[in-house]
Structures are given as structure tokens and as C-alpha cells.
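Protein chains get the first letters and strands the later ones, always in sequence-line order, with residue 1 at the start of each.
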2 protein chains.
Amino acid sequence: MIKTDIINNVSKNADITRVKAVVAVEAILDAMKESMRRGERIELRGFGVFQVKPRKKGIGRNPRTGTEVRIPPGKTIRFKPGKDLRNLR
Amino acid sequence: MIKTDIINNVSKNADITRVKAVVAVEAILDAMKESMRRGERIELRGFGVFQVKPRKKGIGRNPRTGTEVRIPPGKTIRFKPGKDLRNLR
DNA sequence: GTTGATGATATCGGTCTTGATCATGCCCCG
DNA sequence: CGGGGCATGATCAAGACCGATATCATCAAC
């Protein structure tokens with residue numbers, strides 16, 4: 001599924017024009033990106049939670065050469081599925 | 001950030017009524033949930049990719065009692081940040 | 001049609017996930 | 001706008017799985 005599919009689906013199910021659907025999807029993704037960039041946690045009950053977490057790691061490795069590579073500390077985005085998405089087992 | 005915040009943001013930036021924004025957000029999350037439930041991969045260039053992956057794990061533990069708990073194999077949803085979200089380090 | 005982001009791949013270390021339970025707080029509904 | 005229902009966070013241990021690297025082909029997005 002790609003962005004276009006979501007837009008079609010939204011345009012249809014939310015009963016708004018395709019153009020509005022495009023803008024809405026863009027707006028949502030944008031809002032989420034900005035929020036995450038600010039290091040915030042995004043909680044959507046029933047769907048899941050996006051959480052920006054600090055990464056402490058220190059040693060990586062270049063699979064191609066086998067050389068050790070330092071992994072500078074940084075941040076990672078973790079997505080934790082909500083109740084509705086945890087029952088796929 | 002919670003669902004309400006996104007709705008406000010969308011309503012404002014996409015220039016659609018608050019009600020439409022609510023429906024749009026719900027529609028999008030719903031579309032994504034359904035897709036993932038079908039085991040599909042959701043790719044949104046520049047944002048990230050949601051991928052349903054099999055999980056092998058086997059042993060967990062109840063923190064309170066220390067009792068081992070079986071964790072049957074199942075599926076997990078992995079979110080891989082896109083280019084725009086990988087530069088938060 | 002064009003542009004450029006993403007997948008795949010290999011290796012090894014160490015962070016993180018997973019199930020159960022209680023308290024907190026998000027979200028629905030009046 | 002406030003109350004209540006119920007999803008979610010924190011917690012434990014042990015083992016599974018991620019992440020770093022570079023390059024080409026593929027395909028999402030405009």
C-alpha cells in the first residue's frame with residue numbers, strides 16, 4: 001500500500017474530494033514528522049504510539065569489510081502497535 | 001502529541017472543517033490498520049515504511065512472580081523512518 | 001517520463017522486546 | 001466541559017533482532 005492508495009481510500013470513506021484528501025494526508029504526515037522531529041511522543045489510541053527514543057549503542061560493523069564502525073549516540077523512532085494491531089498473531 | 005492535536009493541525013493546514021479533519025484522520029488510520037492486518041507493507045516515501053514481520057521469540061517472564069511465560073510466535077509491525085526522519089541525531 | 005528514495009545483503013554486539021498487573025490518563029459521550 | 005471506561009506505561013529476565021556500511025535495481029511521487 002502506498003500513499004496514493006490511502007488517499008483513494010480516504011477520499012472515498014471520508015467523503016471529501018480527492019484534492020482535499022491529498023492535502024489532508026500530507027498535512028497529517030507533516031504534522032507527525034514535525035512532532036517527532038521535536039522529540040515528542042505521538043499517541044493514537046487503538047492504533048499505536050510513535051516514540052522518539054535515545055540510542056546509546058556504540059559498536060557497529062561494516063558487513064562488507066567486517067570493520068568495526070562507531071555508532072554515534074542519536075535518536076530512533078519506535079512504533080508500538082496499539083490494541084487493534086496487536087492481534088495479528 | 002495526541003490525536004486531537006493532529007486533528008487541529010490538519011483542520012488548520014488542510015483548510016477543512018474540524019469535523020472533516022476528524023473523519024479524515026480516522027479514515028487514514030483505519031485504512032492503515034486494515035492494510036497491516038492484511039499483512040501488507042505500507043510505504044510512504046519521505047516519511048517511512050510500516051512492515052509486518054514474523055516474530056520468533058519463545059520465552060518471556062512475569063516480573064512480579066518471576067515465572068517464565070511462553071510467547072507464541074506471531075507477527076510484529078516495524079516502522080522504518082524515511083529519509084526525512086532519519087536526521088534527528 | 002523523470003527523479004531520487006528504498007530494499008537487499010553480510011557481520012557482530014548489545015539494546016530492546018515480550019507477557020502479566022496496577023495506576024495513569026486519553027478519548028468517548030452525555 | 002466533566003466523568004468514566006479502558007487502553008497504555010512501567011517493570012522483570014533472557015534471548016531475539018536492530019543497526020552501521022555501500023551499490024544497483026526498483027518503483028513511489030511529481
For B/Arg37 and A/Asp84, indicate whether the former's side chain and the latter's backbone hold a donor-acceptor pair under 3.5 Å.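 Present.
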
B/Lys20 side chain vs A/Asp15 backbone, donor-acceptor pair below 3.5 Å: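 Yes, the answer is positive, given that a donor and an acceptor are paired below the 3.5 Å cut-off.
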
Considering only side-chain heavy atoms of [X], which listed nucleotide, [options], is closest?
| X | options | result |
| --- | --- | --- |
| A/Arg45 | D/dC18, D/dA28, C/dC26 | C/dC26 |
| B/Ile2 | C/dT18, D/dA29, C/dC26 | C/dC26 |
| A/Val69 | D/dT21, C/dC26, D/dT8 | D/dT21 |
| B/Thr4 | D/dC18, C/dT18, C/dC27 | C/dC27 |

Is [X] near enough to [N] that one of its side-chain N or O atoms lies under 4.0 angstrom from OP1 or OP2?
| X | N | result |
| --- | --- | --- |
| B/Arg78 | D/dG19 | yes |
| A/Lys83 | D/dA7 | yes |
| B/Arg86 | C/dT6 | yes |

Measure the acute angle between the ring planes of A/Phe50 and A/Phe79, then classify it against the limits of 30° and 60° as parallel, tilted or perpendicular.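 Ring orientation of A/Phe50 relative to A/Phe79: tilted.
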
Tell me the interatomic distance from [X], atom [atom1], to [N], atom [atom2], rounded to whole angstroms.
| X | N | atom1 | atom2 | answer |
| --- | --- | --- | --- | --- |
| A/Lys3 | C/dT6 | NZ | P | 11 Å |
| A/Asn8 | D/dA28 | CG | C1' | 14 Å |
| B/Leu44 | D/dC27 | CG | P | 17 Å |
| B/Glu26 | C/dC26 | CD | C1' | 13 Å |
| A/Leu85 | C/dT18 | CG | C1' | 17 Å |

Distances under 3.5 Å between protein N/O atoms and the N/O atoms of nucleotides 2-4 of chain D, please, pair by pair.
none

Just verifying a value: how many Å separate A/Thr4 OG1 and A/Arg18 CZ, rounded to the nearest 0.5 Å?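 It is 7.0 Å, given to the nearest 0.5 Å.
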
So what's the dot-bracket for DNA chain D: Watson-Crick or G-U pairs under 3.5 Å, [ ] if a pair crosses, | if it pairs off-strand? ||||||||||||||||||||||||||||||

Shortest non-hydrogen contact from [X] toward [Y]:
| X | Y | value |
| --- | --- | --- |
| B/Val10 | B/Ala21 | CG1-CB, 4.3 Å |
| B/Ile28 | A/Ile28 | CD1-CD1, 3.1 Å |
| B/Ser11 | B/Thr17 | OG-C, 3.9 Å |
| B/Leu29 | B/Lys3 | CD1-CE, 4.2 Å |

Scoring nucleotides 7-14 of chain C by protein non-hydrogen atoms under 4.0 Å (B base, S sugar-phosphate only, - none) yields S--BBSB-

Contact class for A/Thr67 (heavy atom, under 4.0 Å): base, sugar-phosphate, or nothing?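 Nothing: the residue A/Thr67, judged by heavy atoms under 4.0 Å, touches no strand.
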
Answer yes if A/Val49 and B/Ile2 sit in the same cluster of Ile, Leu, Val, Met, Phe, Trp and Tyr residues linked by side chain heavy atoms under 4.5 Å apart, and no otherwise.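 No, no single cluster joins them.
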
